[in-house]
Amino acid sequence: MTGPGGRSDVATGFLMDNYPPQPVTFVRGEGSRLWDVEGKPYLDFLGGLAVTSLGHAHPVVAEAIAEQARTLLHVCNLYGTTIGPEVAGTLDRLIGVGGQVRPAGEPNGRVFFANSGAEANECAIKLARKWGGGAGRGRYGHGRYAVVSTYGSFHGRTLAALAATGQPSKHEPFQPMPEGFRHVALGDIDAMDAAVDPRIVAAVLVEPIQGEGGVNVPPEGWLADVRRLCDERDVLLILDEVQTGLGRTGDWFGFQHEGIRPDIVTLAKALGNGMPIGACWARAEVATAFVPGDHGTTFGGQPLAAAAARATLAVMEAENVPVRATRAGARLSEGLAALPGVTSVRGRGLLLAAELADRPSRDVAAAALDGGLVVNPVTPTAIRLAPSLLVSDAEIDEALAVLERLVSC
Ligand SMILES: Cc1ncc(COP(=O)(O)O)c(C=O)c1O
């Protein structure tokens, strides 16, 4: 049964009211296309919020999931499995260590598998607190537990990740927030300098590009300055690559554009191409702060999610998705900038936002959906585009043609 505009009449009254009314109900996807309950096709330029980086129903990923489902879905982390460690090795290789050479076979870092971006960040925050000694019992004779992040950031909805998220309006209904979180303006190195008190700060947590906050790119060199500051004060630098990671910005990771060395990297979204999986990588010396019993999860790194991640990473490497994102991103961003109703385009690779001249982004996104294009209003005045990294030139041109009709009128 369907309602107007491809909206399913399947009773949604059993769901909590967390999300705004959903205008369309999707039932199928393939590549960059989605279909709603009425069979209407859409061009997906949001990718499930930067998740389906290889497009929908990628045959290699689909087959890996089906095969793993027939073989071994789950065992808990009390026992060994083979796929998770393999995926961890691939992530370690892709993250690299900025020129630091370790003996062959020795990991640069170690990975904890989670189930989402928020959980990956929870792991990072707990690891930083353990590394810093926590309040009152640190290796410097005092505890270092505080985390500094930026206003406008988004790190997830669990309580610590929410506290790190630099959006006070999202904290408001859930006060009191956990202690030990500070925020500074993105790109303001003086504010960062003032906030990173080495007596209590264990880590700085930043997105290389703020995704949910509006696709905000910090000034060039800022991240390198933050790295320098962290080095001077022996403070960890955590890169939240949940949205920017795995090729989306035109490099494997957003921090690699700045040539810096991370202490901790968090990932999720694209890692399973739609299968829920998150990961927290930490430099080997930092990772050893965790000992058995410190942190865990029932599902993290289980065979089904790990098989999806292994297949996703294999296709990503074979397709060289960072290069594809750079090339396709240039075409999309030039096309957007040329639209009469667009005042500016920001972002990198295939994580882009188009600032609109005089139409609210909500209206444009709704009209685009009507016209068969999925984008989202990332701020009241800008739409976000995060299509599959395998998007074709023809699909980019098609999306631009839909937007041209909307933003120019
Ligand atoms: C940068 C960043 N970190 C963390 C998260 C939270 O991820 P999840 O929704 O999987 O918990 C998001 C989600 O949008 C994100 O963009």
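What's counted below: heavy atoms across the whole structure, side chains too, no hydrogens, waters or symmetry copies. For ligands, and for the atoms within them, numbers begin at 1 and follow the listed sequence.
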So which heavy atom in the protein is nearest [atom], and how far is it from that ligand atom?
atom                    : value
atom 14 (O) of ligand 1 : Lys269 NZ, 3.1 Å
atom 10 (O) of ligand 1 : Gly117 N, 2.8 Å
atom 2 (C) of ligand 1  : Phe154 O, 3.3 Å
atom 16 (O) of ligand 1 : Gln243 NE2, 2.8 Å

(request) Step by step, work out the salt bridge (charged side-chain N to carboxylate O under 4.0 Å, His left out) result for Lys130 and Asp294. (result) CA-CA 9 Å; Lys130 183 85 193 302; Asp294 278 340; 2.7 Å; yes

For [X], counting its heavy atoms only, list the atoms of ligand 1 lying under 4.0 Å from any of them.
X      : answer
Ser116 : 10 (O), 11 (O)
Glu207 : 1 (C)
Glu212 : 14 (O), 16 (O)
Asp240 : 1 (C), 2 (C), 3 (N), 4 (C)

Give a yes-or-no answer on whether the side chains of [X] and [Y] include a donor-acceptor pair shorter than 3.5 Å.
X      : Y      : answer
His257 : Thr249 : yes
Asp44  : Ser32  : no
Ser53  : Asn273 : no

(message) Less than 4.0 angstrom from a charged side-chain N to a carboxylate O is my criterion; do Asp92 and Arg110 meet it?
(response)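 No salt bridge links Asp92 with Arg110.
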
Mind checking whether [X] contacts ligand 1 via backbone (N, CA, C, O), side chain (CB onward), both or neither, at a 4.0 Å heavy-atom cut-off?
X      : answer
Ala118 : both
His155 : backbone
Asn121 : side chain

(message) Ring centres under 6.0 Å, that's the criterion: do Phe26 and Tyr42 meet it?
(response) yes

(request) Measure the shortest side-chain to side-chain distance between Asp263 and Trp131 over non-hydrogen atoms and say whether it is less than 4.5 angstrom. (result)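 A side-chain contact is absent here, since even the closest heavy-atom pair is not under 4.5 Å.
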
(message) Test your reading of the model: is there a side-chain donor-acceptor pair from Arg182 to the backbone of Ala195, 3.5 Å cut-off?
(response)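 Between the backbone of Ala195 and the side chain of Arg182 there is a qualifying donor-acceptor contact (under 3.5 Å).
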
(message) Quiz question for you: does at least one protein heavy atom lie closer than 4.0 Å to atom 7 (O) of ligand 1?
(response) yes

